[in-house]
Protein chains: 2
Amino acid sequence: MLSIGMLSQRSGVKVPTIRYYEEIGILKEAERSAGNQRRYRDSDLERLAFVKHARQLGFSLAGISSLIALQEHPDRSCAAAGALARAQRQEVQDKIARLQRLEVELTRISQGCDGQGVAAECYVLASLSDHANCEADHE
Amino acid sequence: MLSIGMLSQRSGVKVPTIRYYEEIGILKEAERSAGNQRRYRDSDLERLAFVKHARQLGFSLAGISSLIALQEHPDRSCAAAGALARAQRQEVQDKIARLQRLEVELTRISQGCDGQGVAAECYVLASLSDHANCEADHE
DNA sequence: CTAATGTCTCTAGTGACTAGAGGTTCAAGA
DNA sequence: TCTTGAACCTCTAGTCACTAGAGACATTAG
C-alpha cells in the first residue's frame with residue numbers, strides 16, 4: 001500500500017491534486033490507515049497515470065470522467081471514446097491554426113520595436129491600439 | 001457619451017466584462033449619469049479596443065496593465081513593451097510546438113478506433129492508459 | 001404616464017488547481 | 001520505548017478571466 005506522498009512521487013501528480021481528484025470523483029475514495037491517512041494500491045496508480053496522460057493530451061476532467069466510466073463498463077461500445085478523441089483532435093487542430101495566426105502578428109509587432117525609442121512612438125503599442133494593421137484577422 | 005450597453009456594442013466586449021475591467025483597474029472609473037449609470041467617451045472606446053486586441057493576442061490582463069501604464073507615460077522607453085511582445089511571441093511558439101506533438105498522438109489514437117468494438121479492447125482507452133505507445137513525448 | 005428595456009450592486013460559480021493554517025500520524029533513530 | 005521531524009489530515013481561500021443571477025433603480029419610446 002502506498003501513502004499519498006509515494007503515489008504522488010510515482011505518478012508525478014502533486015499531492016493536493018490527488019486529493020482534489022478524489023474530491024471531484026475522478027479517483028474513488030481511498031482506503032484509510034488506522035490513523036486516517038490515505039492508502040493506495042497499484043490500480044490507483046494506473047488510474048492516475050491514465051488521468052495524467054489524458055490531461056497532457058488536453059482532455060478536460062469532465063471528458064476524462066466519461067472515459068473512466070467507459071473503462072468501468074468494458075462491455076459497452078467504444079464509439080464514445082473514439083468520438084471524444086476525435087473531438088479533442090479537432091480542438092487541438094483549431095487551436096494550432098489560431099495560434100499560428102497570432103504568431104504571425106506577434107512577430108510583425110515585436111520586430112517593429114527595437115526598444116530604443118520612447119513609448120509615444122512605440123510600434124508595439126501602436127499595433128495593439130490599431131487592429132487595422134493586422135494582416136490576418138484573428139477572432 | 002455612451003452608455004455601457006452602447007460601449008459594449010461598439011467594442012464587442014460584454015457589459016459584465018467592462019464592469020469587471022473597471023473593478024480591477026484596467027479601465028479607469030467611468031463618469032456617472034445623474035442616475036448613477038456609467039457614461040463613456042470615445043477615449044474609453046479606444047482603450048477598450050486596445051485591451052480587446054491585446055487579449056486576442058493572448059496577453060494576460062496583468063501584461064495589459066503594464067502596457068497601459070506605458071501608454072500613459074509616453075516619455076518612457078518602450079523597451080518593456082517590446083520585451084512583453086517578444087515574450088508573448090515565444091509563449092505562442094512554445095504552445096504551438098506542444099500542440100503539434102499532441103496532434104500527432106491524437107491522430108494516431110483516434111485512427112486506431114473505428115467505434116465498432118467494445119470498450120474492453122478499445123484502442124483509445126488503451127492508448128490513454130499506456131503512455132509507452134506515444135511516439136513523441138509530451139511533457 | 002406607462003411599459004419595456006437597460007443598468008445598478010452584490011454574491012456566487014466556472015475549471016483545475018495552488019497555498020496556507022493549524023492540527024495529527026507515521027517511521028526511524030537513540 | 002521515546003522522541004523528533006517529516007509527512008499527512010481538513011478546511012478555507014486564492015488564482016485567472018470572466019459569467020450568471022437576483023432584486024432594485026434609471027432611462028427612453030410611445
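Throughout, a chain's letter reflects where its sequence line sits, starting with A, and its residues are numbered from 1.
For the pair B:Arg39 CZ and D:dA26 C1', the interatomic distance rounds to 9 Å; values are reported in whole Å. In this structure, CE of B:Met1 is placed 13 Å from P of D:dT28, rounded to the nearest angstrom. One interatomic measurement links the two molecules: CG of B:Leu61 to P of D:dT19, which rounds to 12 Å at whole-angstrom precision. In this structure, A:Leu2 places its CG atom 15 Å from P of D:dA7, rounding to the nearest Å.
For the pair B:His53 and B:Phe59, the minimum side-chain heavy-atom distance is 4.5 Å or more. When side chains are defined from C-beta on, A:Lys52 does not count as touching A:Arg55, because their heavy atoms never get closer than 4.5 Å. Between A:Leu27 and A:Leu48 there is a side-chain heavy-atom pair separated by less than 4.5 Å.
Within residues 13-27 of chain A, the residues having any heavy atom under 4.0 Å from DNA chain C are, by residue number, A:Lys14, A:Thr17, A:Tyr20, A:Tyr21. Of all the residues in residues 41-52 of chain A, not one reaches under 4.0 Å from DNA chain C with any non-hydrogen atom.
Between the CD1 atom in A:Ile4 and the OG atom in A:Ser11 there is a gap of 9.5 Å [rounded to 0.5 Å]. Atom CD of B:Gln56 sits about 11.0 Å away from atom CG of A:Leu128, to the nearest 0.5 Å.
With sequence neighbours left out, the salt bridge (charged side-chain N to carboxylate O under 4.0 Å, His left out) criterion links A:Arg41 to A:Glu31. Taking the side chain to side chain contact (heavy atoms under 4.5 Å, CB included) definition, one finds that B:Gln37 meets it with B:Ser33, B:Arg39, sequence neighbours left out. The side chain to side chain contact (heavy atoms under 4.5 Å, CB included) check on B:Gln100 picks up A:Ile96, A:Gln100, B:Ile96, with sequence neighbours excluded. Applying the side chain to side chain contact (heavy atoms under 4.5 Å, CB included) test to B:Cys78 and every residue at least two apart in sequence or in another chain returns A:Cys113, A:Cys122.
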Can you pull every protein N or O that's under 3.5 Å from an N or O on nucleotides 1-6 of chain C?
unit_1, atom_1, unit_2, atom_2, d
C:dG6, N2, B:Gln37, NE2, 3.4

Nucleotide N/O of nucleotides 11-14 of chain C paired with protein N/O under 3.5 Å:
none

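Contacts classified as side-chain hydrogen bond (donor to acceptor under 3.5 Å, both in side chains) and involving residues 13-27 of chain A (residues at least two apart or in different chains) are given here: A:Glu22-A:Arg38. The salt bridge (Lys or Arg N to Asp or Glu O under 4.0 Å) contacts involving residues 2-11 of chain A comprise nothing, where partners must be two or more places apart or lie in separate chains. For residues 86-95 of chain B, every residue pair satisfying the side-chain hydrogen bond (donor to acceptor under 3.5 Å, both in side chains) rule, not counting sequence neighbours, is listed here: A:Glu103-B:Gln93, A:Thr107-B:Arg89, B:Gln90-B:Asp94.
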Which donor-acceptor pairs under 3.5 Å do side chains of residues 63-74 of chain B form with protein atoms, sequence neighbours excluded?
unit_1, atom_1, unit_2, atom_2, d
B:Ser65, OG, B:Leu61, O, 3.3
B:Ser66, OG, B:Ala62, O, 3.3
B:Gln71, NE2, A:Ser129, OG, 3.4
B:Glu72, OE2, B:Arg47, NH2, 2.6

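The phosphate of C:dA16 (OP1 or OP2) has a side-chain N or O of A:Arg55 nearer than 4.0 angstrom. Remark: A:Arg32 is not in phosphate contact with D:dC8, judged by side-chain N or O atoms under 4.0 Å from OP1 or OP2. Under 4.0 angstrom from either OP1 or OP2 of D:dA26 there lies no side-chain N or O belonging to B:Ser33.
Residue order along DNA chain D, read from the 5' end via each residue's closest nucleotide, puts B:Ser60 first among B:Asn36 and B:Ser60.
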